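For clarity, every value in this text was computed on a predicted model and none was experimentally measured. No hydrogens, no waters, no symmetry mates; every other heavy atom, side chains included, goes into these values.
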Amino acid sequence: MADPHGFLTTPREERPRRPVGERVRDWNEVGAPGAQLPLAERQADRCMDCGVPFCHEACPLGNLIPEWNELVSRADWRAASERLHATNNFPEFTGRLCPAPCEAGCVLAINRPAVTIEDVECAVADRAWEEGFVAPLPPGRLSGRTVAVIGSGPAGLAAAQQLTRAGHTVAVYERDDRPGGLLRYGIPEFKLEKWRLDRRIGQMRAEGTRFRTSVAVGRDIDADELRARYDAVVITTGATAWREADVPGRELAGVHQAMEYLPSANRVCAGDLEVSPLSAAGRHVVIVGGGDTGADCLGTAVREGAASVTQLDIRPRPGTARDEEVEPWPTYPRLYRVSAAHEEARELRSAPVSDADARLFAACALRFVGDAEGHVRWLRLTGVDTERRPQPGTGRTLPADLVLLALGFSGPDREDGLIGQLGLALDDDGTLARDEDFATGVPGVFAAGDAARGQSSIVWAVAEGRSVAAAVDRLLSGGEGSLPSPIGSRDRPMTA
């Protein structure tokens, strides 16, 4: 423990965000540049170095949190980076995008505000790049074995990097024009600037990982042909089958899926487009869905200059404190959290009809209403009870020129040919079936990430990638292998 009294004397301080009026005029990350480094050492001092650190258990990567907290408190950034990268391939991504289950499991969080673990992680990762601590780690020798990784989201990138470093020749196949998957085209620029992604992919290329972009396996190349060319195939295509809204008027123009909307905005930031074809500029936007993807749509619409933006969440508004009876420590509680996008909407009054920060809780879309040309113009909604039953007298109508459906995802794409060509089995929930070693029923074919686990978070995706890489390495080496496996294929987040 760096400071035995730190958790008593130092309050929790989170990394400050740039002023709302400044950040909504650009697409840069919302965090104040450089502000996290002065805070990190003080916040690391709050870590109690618990005898049983539940932050380890709450984090699927098993990050060595007390170790790098102590190193940060002593300003030993190089050693902190080494301990952080020992369990996490991409801490600059998780430090920005992870929901931080480690903080929910922090022992200090039993009766005090948790250590700002995610902010410290991000500070270490950024300092490591700035100081040149992060370098390519090519293998000392090649195994002569080959692996194809299909999909370049966080699970695919983690699997590819681990297998490359183990000495196998790895090619990553990506259907989009650039690698990164959801990190590239699903996460808005204001949450993750893409030069950070390009920098990490550059490291992977220098290590020997090969990328094959604009290749959709199952369409552009037969999956069986790919399987015949490689000693192993890892499927990390993500959960891209979006859930639909069974609502009258769904067929109207102007009603789109969130993952049709967000990639266009990212392509504008990348310079591929001057203006998004689905731009929210000057339009009344309603987002159906209260999760992170909906919040990403909210922040994007605000930056595009929407006339108004309202987000519907069918769930009741949660409380601000953990309900110990329902979600006891150290499980991850559902709390009323204000993301950067919600903070922006609240300050700018982007949705005058909402209770606060653009969200209408316990609200359900009943009907999309269009004009004579077949374009959506209004959304009819109703309030619902805790059983999601409509409540009489709670109906209202919102103007809606653009409706975005952010209802989550049910598993991998069933229409791209990959599943059928390989003869892969699906579980009851629509995800790829696999055994405890991440192997599908097809010899040499493995599955990891959201395609097999179901919709999850980035930290679970990276853990899946590292674990499937360990399983593939065991197969190719004909023995125990040399790679760590932080989770099993059946592991799930802690619940009560």
Side-chain angles (χ1 to χ4, degrees), residues 17-31 96-97 99 182 185-193 242-243 245 254-269 276 278-318 334-365 368 376 379 381 398-409 455 457-458:
R17 296 165 176 164
R18 293 189 293 138
V20 167
E22 170 190 320
R23 68 189 196 230
V24 297
R25 293 196 297 269
D26 61 44
W27 293 90
N28 300 333
E29 291 176 7
V30 301
R96 288 172 166 81
L97 305 175
L182 186 68
Y185 291 122
I187 302 298
E189 191 83 6
F190 59 82
K191 290 178 67 174
L192 177 69
E193 293 177 14
W242 50 57
R243 295 191 177 97
V255 182
H256 298 276
Q257 287 284 347
M259 290 309 296
E260 295 175 311
Y261 171 70
L262 292 172
S264 293
N266 277 322
R267 289 193 177 277
V268 171
C269 293
S276 167
L278 301 180
S279 174
R283 304 168 80 177
H284 296 286
V285 181
V286 178
I287 302 160
V288 182
D292 288 342
T293 302
D296 291 345
C297 292
L298 173 63
T300 300
V302 166
R303 282 163 176 76
E304 289 180 334
S308 69
V309 194
T310 307
Q311 183 179 9
L312 307 185
D313 191 334
I314 198 171
R315 300 166 297 182
R317 177 170 173 164
R334 181 170 184 263
L335 300 175
Y336 178 71
R337 296 180 172 91
V338 179
S339 72
H342 293 122
E343 180 183 55
E344 292 156 7
R346 180 177 60 195
E347 185 167 323
L348 298 175
R349 294 192 58 79
S350 298
V353 299
S354 70
D355 301 326
D357 64 40
R359 282 177 283 190
L360 282 175
F361 290 97
C364 177
F368 306 132
V376 67
L379 182 147
L381 64 89
L398 299 179
D401 305 309
L402 176 64
V403 175
L404 302 174
L405 306 178
L407 301 172
F409 306 88
Q455 184 178 348
S457 63
I458 182 173

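A salt bridge between R303 and E344 is present, with a side-chain N of the basic residue lying under 4.0 Å from a carboxylate O of the acidic one.
Under the 3.5 Å distance criterion, the side-chain polar atoms of R23 are matched with a main-chain donor or acceptor of R18. With D357 contributing its side chain and R346 its backbone, the two residues share no donor-acceptor pair below 3.5 Å. Counting only distance, with no hydrogens or angles, the side chain of E304 and the backbone of S279 share no donor-acceptor pair below 3.5 Å. Without hydrogens or angle criteria, R17 side chain to G31 main chain gives no donor-acceptor distance under 3.5 Å. Looking only at distances, a side-chain donor or acceptor of E29 sits under 3.5 Å from a matching main-chain atom of E193. Although no hydrogens or angles enter the test, the distance criterion places no donor-acceptor pair under 3.5 Å between the side chain of D401 and the main chain of G254. In this structure a side-chain-to-backbone donor-acceptor pair under 3.5 Å is present from E260 to Q257.
For the pair Q311 and H342, the tightest heavy-atom approach, listed with the atom from each and the gap, is OE1-NE2, 2.9 Å. Shown here for F409 and Q455, the closest heavy-atom pair between the two residues is N-OE1, 2.8 Å. Minimum interatomic distance between L402 and H256 (heavy atoms only, all atoms of both residues): CD1-CD2, 3.8 Å. The shortest heavy-atom contact between A358 and V309 is CB-O, 3.7 Å. Across all their heavy atoms, A280 and V285 have their closest contact at CB-CG2, 3.7 Å. For the residue pair E347 and V20, the shortest heavy atom distance occurs at OE1-CG2, 3.4 Å.
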- Apply side-chain contact (heavy atoms from CB on, under 4.5 Å) to the pair L381 and V286, showing each step before the final yes or no. CA-CA 11 Å; L381 64 89; V286 178; over 6 Å; no

- Query: Given L379 and T310, is the side-chain contact (heavy atoms from CB on, under 4.5 Å) satisfied, shown in steps?
  - Reply: CA-CA 11 Å; L379 182 147; T310 307; over 6 Å; no

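Distance check: R359 CZ to I287 CD1 gives 11.0 Å after rounding to the nearest 0.5 Å. Atom CG in D296 sits 10.5 Å away from atom OH in Y261 (nearest 0.5 Å). Of the inter-residue distances, the one linking L348 atom CG with S308 atom OG reads 12.5 Å to the nearest 0.5 angstrom. Note that CG of L298 is 12.0 Å distant from CG of D292, once rounded to the nearest 0.5 Å. L404 contributes atom CG, which lies 11.5 Å from atom OG1 of T293 (distance to the nearest 0.5 angstrom). A distance of 7.0 Å separates CG of N266 from OG1 of T300, quoted to the nearest 0.5 Å.
Here the side chains of L262 and C297 are in contact, with some heavy-atom distance below 4.5 Å. When side chains are defined from C-beta on, Y336 counts as touching P318, because their heavy atoms get closer than 4.5 Å. With contacts defined as side-chain heavy-atom distances shorter than 4.5 Å, the pair L405/V403 qualifies.
The local environment of CZ in R315 is crowded, with over 12 non-hydrogen atoms from other residues, nucleotides or ligands closer than 6.0 Å.
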